[in-house]
Amino acid sequence: MNVLVINAGSSSLKYQLFNMDNKAVLAKGLCERIGIDGRLTHTNPNKEEKYKADVPMKDHADAIRAVINILIDKEWGVIESMSEIDAVGHRVVHGGEYFADSVLINDEVIKAIEACVPLAPLHNTANLIGISACKDVMGENIPQVAVFDTAFHQTMPPEHYMYALPYEYYEKYKIRRYGFHGTSHKYVSQQASEMLGIPIENLRLVTCHLGNGSSIAAIKGGKSMDTSMGFTPLAGLPMGTRAGNIDPAIISFLCDHEHKEADEIIDILNKKSGMLGISGVSSDFRDLDTAIEEGNPRAKLAKDMFNLSVKKIIGSYIAEMGGVDAIVFTAGVGENDRSVRWDVCEHMEYLGIKIDPEKNKFRGRQMDISIDYARVRVLVIPTNEELVIAEDTERLVNEAK
Ligand code: AMP
């Protein structure tokens with residue numbers, strides 16, 4: 001079965017075509033500047049160079065057409081015709097309380113995703129546009145599946161997902177912790193179980209998805225028990241440009257003193273805070289490292305704050321689960337930045353956590369980096385959200401047959 005995985009944003013669309021017989025990525029790419037002019041970057045693994053071209057894309061349907069055209073292109077393509085695409089899997093950011101698993105898309109599912117738009121206005125709207133564009137271009141008969149960032153965390157018990165607000169706000173507006181990056185947390189927890197040779201039902205894991213956006217999850221017996229992002233992906237750790245947890249009273253203080261509306265302050269908390277806001281240098285951890293080497297104290301402060309926040313959350317999750325068997329690092333920073341892994345795990349020997357500095361030098365590949373005798377394993381596991389989307393799509397399509 002060939003599965004096309006689509007991750008639609010407001011002006012961009014990422015795609016990967018999988019052959020599920022061997023889980024190989026046949027091709028992947030990115031449409032950008034949709035609705036502005038349109039740019040396509042396409043990778044065929046059999047070619048050394050990437051295909052890059054300006055392709056007019058007035059909307060997402062044009063972008064999907066451009067994807068299909070390049071996938072069947074004589075020179076750059078990997079399939080003969082559109083009929084070789086058996087199913088489409090969509091990343092959908094918010095499934096609210098409706099979805100605890102991926103689902104085959106039908107009219108009812110579309111309505112539920114629409115009902116979640118107020119919870120993630122930009123993301124879910126873009127995801128819906130991506131779904132309808134695929135339907136328009138590829139027809140009604142091709143099965144489409146939605147895979148939600150929030151679904152994996154639907155196992156959290158109420159004491160972990162409720163905010164201590166008047167209860168009616170939960171009833172009226174469904175204000176609660178949802179958590180995100182669920183597909184990634186699920187994938188790396190399953191990989192960790194395989195790596196350790198221990199059934200997931202018997203494992204207590206802390207999975208650290210540290211990238212441009214970052215979140216941590218406590219996973220007990222394969223189920224998400226707690227996670228650091230909240231009602232929105234703004235909560236939890238300080239991130240590339242996001243503030244993470246702050247005292248909410250700061251928002252009204254800033255509205256008064258900066259003469260701004262609340263949504264302008266939220267925009268600052270989303271786009272100008274975090275590593276960028278503190279360092280004044282960049283949201284990218286590589287740039288922070290360069291600045292730290294040059295002696296920039298604010299870049300060092302930003303990274304120290306990040307590492308401390310990760311450590312604090314790991315500690316609290318170990319307390320919640322009554323112990324931990326493995327800590328997993330994943331995503332851009334978690335997979336590549338050894339100083340983050342080292343600083344986060346430093347002085348945790350009393351919990352049985354100790355990284356081997358030699359093993360920690362490796363990056364970007366699956367690896368156990370703890371010293372041999374450590375009671376708790378520290379694992380680096382490159383995430384693969386697209387593969388999970390493709391696998392869920394294949395499973396649901398087969399179940400429906
Ligand atoms: P992601 O959101 O998972 O794609 O992660 C992107 C982030 O990973 C970038 O913004 C960088 O801060 C970070 N990153 C990527 N490669 C490296 C690296 N080699 N060393 C440190 N940080 C990295």
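Computed from a predicted structure; not experimentally measured. Remember, it's 1-based here, ligands and their atoms both numbered in the order they're listed.
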### For G211, atoms of ligand 1 separated by under 4.0 Å from a heavy atom
1 (P), 2 (O), 3 (O), 5 (O)
### Message
Below the 3.5 angstrom mark, is there an N/O of A331, backbone or side chain, next to an N/O of ligand 1?
### Response
no
### Message
Tell me whether the rings of H181 and H209 are parallel (<30°), tilted (30 to 60°) or perpendicular (>60°).
### Response
parallel
### Message
Can you check which of G332, G213, S214 brings a heavy atom nearest to atom 3 (O) of ligand 1?
### Response
G332
### Query
Where is the nearest protein heavy atom to atom 20 (N) of ligand 1: which residue, which atom, and how far?
R286 CG, 3.6 Å
### Query
Do the side chain of K359 and the main chain of S370 share a donor and acceptor less than 3.5 angstrom apart?
yes
### Query
Relative to each other, are the rings of F148 and F99 parallel, tilted or perpendicular (30° and 60° limits)?
parallel
### Message
Main chain of N270, side chain of T241: is a donor-acceptor contact present, judged purely on distance under 3.5 Å?
### Response
yes
### Task
Check whether more than 12 heavy atoms from other residues, nucleotides or ligands sit under 6.0 Å from atom CD of E171, and answer yes or no.
yes
### Heteroatom distance test (N212, ligand 1): nitrogen or oxygen, under 3.5 angstrom
yes
### Task
State whether Y170 and R176 meet the cation-pi test: NZ (Lys) or CZ (Arg) under 6.0 Å from the six-membered ring centroid, and within 45° of the perpendicular axis.
no
### Query
Is atom 14 (N) of ligand 1 close to the protein, meaning a heavy atom under 4.0 Å from it?
yes
### Summary
Counting from 1 in the order shown, the ligand 1 atoms closer than 4.0 Å to a non-hydrogen atom of F285 are 11 (C), 12 (O), 22 (N)
## Note on the structure
Closest to atom 11 (C) of ligand 1 by heavy-atom distance, out of D337, N336, D284, is D284
### Task
Report yes or no: does a heavy atom of H209 sit under 4.0 Å from some atom of ligand 1?
no
### Query
Counting only N and O atoms by type, is there a donor-acceptor contact under 3.5 Å from the side chain of S214 to the main-chain atoms of G211?
yes
